[in-house]
Every structure is written in C-alpha cells, then in structure tokens.
2 protein chains.
Amino acid sequence: MSQNTAATHAARTVIELREKIISGQLTGGTRLFEVPLAEELQISRTPLRDAMSRLTEEGLLERLKNGGFVVRTFTMDDVVDAIELRGVLEGTAARLAAERGAAPELLSRMESLVSELDNCFGKAHNTVDFEQYSELNAEFHQVLASLSGSDMVKREVERVCRLPFASPSAFLPDRSDIVAFRRSLQVAQEQHRAIAAAIAAREGSRAEHLAREHARTARRNLDYVLRQEANLRDQVPSLAIVSN
Amino acid sequence: MSQNTAATHAARTVIELREKIISGQLTGGTRLFEVPLAEELQISRTPLRDAMSRLTEEGLLERLKNGGFVVRTFTMDDVVDAIELRGVLEGTAARLAAERGAAPELLSRMESLVSELDNCFGKAHNTVDFEQYSELNAEFHQVLASLSGSDMVKREVERVCRLPFASPSAFLPDRSDIVAFRRSLQVAQEQHRAIAAAIAAREGSRAEHLAREHARTARRNLDYVLRQEANLRDQVPSLAIVSN
DNA sequence: TCCGGAAATCGTGTATACATTCTATCTGAA
DNA sequence: TTCAGATAGAATGTATACACGATTTCCGGA
C-alpha cells in the first residue's frame, strides 16, 4: 500500500488512476462509474470528479457525451502516429529555434548535454550507462522544446510527450546485449549532435528533418520489439496501455 | 439576457464563460474566484468548477498550482505561433493522407468542396459570397483533418483550431472592397485546389508544404490588419482575446 | 524600524443529501 | 408481434455545509 504524499485527495487520485491506466490495469473503454470507484478509493465523488477531469486534460480519459468518463483506448496505430506527431512538433521546435535564433544559454546547455551523452558510452563495445543516458536524453528533449522560444510550441510538444508511449524515453532499449538496440543508441546520439549543430548554424530545414528522423528511432525500436521478439513486448511498460 | 438552452448548468456556464473570454470581457490573467463568480452566474460552485475544468481542457483557462483558475493570456506571438502550428499539423494531415492514401469518399468530398468554393466567386471582380465561402472553407479544413485517417492527427489538428485566432476562418476577410483581401481569398482557393490535387497524386511533401503555406495566408491577413489599418483590428473578433 | 509569529480571513477541498436525467425494461394496446 | 408509453433503476448533476490550507494582516518584541 503506497500512501501518496500528495496534498489533496484529488491529486492523490490523479496519480493512482494514472498509474492504473498506464499499467494497463484499467483497460481502454472501461467506464469509470463515480459511486463505486469513489467507494473503492475511499474518497467522495467530488475529488474523484476533479481527478477524472484532470486526467481528461492529460488525454488519458474521455468524456462521454451524456456525462461520465471512460478510459481512452489506444491502438498500435495511435502509438505510431503519436511518435510521428512528436517528430513533427519537435521538428517544428528545432526549425523555429534555427530560424528565429535560439537563446544562447539554452543552446550551450544543449551542446553540453550532447557531450555528457557521449560519456555514457564506454570504451568497450557494449557498455552503456543507461540510467544516465535516459536522464540526459530526457533533458535534451526538454531543452529542444524550449529552444524555439515559443510557449505555444513548447506546450504542444510537452503535451504529446505526456502520452507514455510518445515520450522520448519510451522505447529507450535497456538491453545492451541486443546488437540492434546498442546501435540504435549510437545513431540517436549522432542525431542529437546533428540537431544541435543545425540549430546553431541556423539551418532550419535540416534541423526540422533531423528531429523528425530522430523520432523515427523510437518507431524503429518499437517495430523491432513487435516483430523480432514477440515476448519482448511485455517487457516494455509503455505498451501496457495499448489495446491488443 | 440570453437564456442558454443547454441541458446542464455546467454546459451553459461553459458557453457563457467561453463567450466572455473570447470577447475579451474577461481578460488574460484574471483569476476566477469560485464564490463570487458562482453568485454572479446564479449557480453553485459545483457546476462552475466543472465548467472551468472543461475550459481548461479547451485551453482557455489554466490551473494555478495551489488551486484555482485564471484566464489564459494570449500574446500576439501566441497568435502567430498558433497559426504556424495549425499549418504544421494540417501539413502533417495532408502529407499522411498522400503517403498512406486517403479514403476515396473523403477525397472526392474535398474535390467537390473545391468546386463549390469556386462558385463563391462571382463573374464581376469584387463579388464574393462570403458567408458561403466561410462555411465551405471550414468544411474543407475539417475534411483535411480527417483525410489522414489518423485519429491522433485529426484530434490534434482540431485541438489547435479550437483557439479562436487559430481557426481556419479566423481571418477570413469579409470586406471585398479591400483589394488585398479579395486577392488573398483567390490565392487561398488556388491553394485548396493544389492541396487536393497533391493528395490525390500521392505527393506527400508537396501536400505538406502547400498546407503550411496555406496557413500563412491567415498570417498575412493578420499582418495586414495590424500594419496597414490599425483601426481594422477592433473589427476582428478573433483578436479580442489577445492582450495588448 | 524590522522581524517573527499568531490570528483572522479568504479561498479552495471534501463530503453528502437531494434533484434530475437517461436508459433499459416492462406492460398494454393496436 | 410490435411499438408507444410508463416506470423503475442507475448514474450523473447540483446545492450546501463544513474542513482545511494558504495568505495576509496585525501585533509585540528586539
């Protein structure tokens, strides 16, 4: 029993329900009835409704037209399209950063992140510091979203990334023993470097298309997981939310 | 006193508040206090909170970190960026429609919309059926969003369009006496035709860039309104929500 | 004057009772 | 048999009282 430290019942409930949805415990299409659910969570309907409405903002629930909420259904097509959308939006962030000029502090932060990411690869062939890589990768994408200087763009990039399977770290393969995965990390890192360089050189179109292709890395990993080794799928938490 | 016909108090309140925000009556940054606002609207706090949470989903309000809601502030930069984003997303819809193949019914619907739009231009130079054009234009963009076949993409396109100044009909100039405006409608219509043709010919990149450029038509009109005739600005309802 | 802390005030969080609406089912008549 | 309308149940909509937390204000002491 993990007792959440969140201040309000509603905030705690957001976390609990989000966890249940993301983990696949609550499957797509499940309608959330207020009375029994509130009883189960030991809260009243008021904070529960608040929580559900926040999860709707987040894209995990949908409102039914005559009232009530259902868990949103995600198909494998949605996963592919969400990754595509992230690519498009990050591409736009990169292009605008290049075209309009990026804030120097942010750009140099991105460049130093690239260096730090380099250090995650050991001298030996299959040693990679995954935890560190994953953390730095997340920050790289965060900086990229900010780099356009546009709140509107940043907001929308972050919005798509909130979907668990569209996040930049969703399909970071944590198994260096698989050759294809190790290679994909190196390719991705090379793309990081190129994106930063393109933005610095004010090459908008190049920056945009590099960022798009970079998102495709995630899609390639996804395809690999699905096609090559079917049993891998259950090891990828981001896919638990996806309907079969 | 316009008495809304909406079923619930919350739904009615969504409409009332949305109207006040869009019209600029409630300006960006204004905090909405539950008790006095509920009193003013003659409802209780419960449906009011529901309404505010829906408006947050819509992007017109924001939640404060310690509770409460404020009216979201939009700057002129946000307007420009929202139009850019619409271009990017509609461009993606167009590209995917071309690459993946569009549903024949939708494509032919789009093509007949182009024909109908043609008929809005009279033989004489400055006669245009604005009402009809505006309606058909809205449907064209709606069909475009659907044409990708991707629910994810459609959803996000529609999301951006929900912002009043980012909607495809936001800056449709309704004054045929201004030469620049009349010409912009003809250019836009030619772009409609080209977008449909590119999708039909499976020319993804062309379709994408045409759709992007098409959104720029809105930006050009916006620039015209702001630069050429300052007094025009107050006649554009979409801009009432924008902070000065 | 400045600072810390207590108290009051303001505003949201929560529970709960009651109202309303929607839906599914049943009944009766054509 | 079928359909219309009634009806019962289930689910959400709404009002309201009270709880809690945050913020501001005011007071006393250094």
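Below, read A as the first sequence line, B as the second, and so on, with proteins coming before strands; counting in each chain starts at 1. Every value quoted in this text rests on a predicted model; they were computed, and no experiment measured them.
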Short of 4.0 Å, heavy atom to strand atom, which residues of residues 26-39 of chain B count as contacting DNA chain D? none
Is A:Glu58 paired with A:Arg162 through a side-chain N to carboxylate O contact shorter than 4.0 Å? no
Please check the phosphate of D:dT14 (OP1 and OP2 only) for any side-chain N or O of B:Thr46 closer than 4.0 Å. no
Could you check whether the side chain of B:Arg45 and the base of C:dG13 have a donor-acceptor pair of N or O atoms closer than 3.5 Å, going by distance alone? yes
Can you figure out which of C:dA15, D:dG13, C:dT14 approaches the side chain of A:Ile43 most closely? C:dA15
Please determine whether a side-chain nitrogen of the Lys or Arg among A:Glu16 and A:Arg12 lies less than 4.0 Å from a carboxylate oxygen of the Asp or Glu. no
Can you see if the side chain of A:His9 gets near the phosphate of D:dC20 - specifically, an N or O under 4.0 Å from OP1 or OP2? no
Any carboxylate oxygen within less than 4.0 angstrom of a Lys/Arg side-chain nitrogen, looking at A:Glu116 and A:Arg109? yes
Regarding A:Glu156 and B:Arg86, does a basic nitrogen lie under 4.0 Å from an acidic carboxylate oxygen? no
Scanning both residues in full, the closest heavy-atom pair of A:His9 with A:Pro47 reads CB-CB, 4.0 Å
Inspect the contact between B:Glu84 and A:Arg100 and indicate whether a charged nitrogen and a carboxylate oxygen are less than 4.0 angstrom apart. no
Residue pair B:Asp81 / A:Ser150, side-chain donor-acceptor N/O under 3.5 Å: yes
Residues of residues 47-67 of chain A with any non-hydrogen atom less than 4.0 angstrom from an atom of DNA chain C: list those, numerically ordered, please. A:Pro47, A:Asn66
Using the six-membered ring wherever Trp is involved, compare the ring planes of B:His141 and B:His214 and label them parallel, tilted or perpendicular (cut-offs 30° and 60°). parallel
Touch class at under 4.0 angstrom, heavy-atom based, for B:Thr8 against every strand present: sugar-phosphate
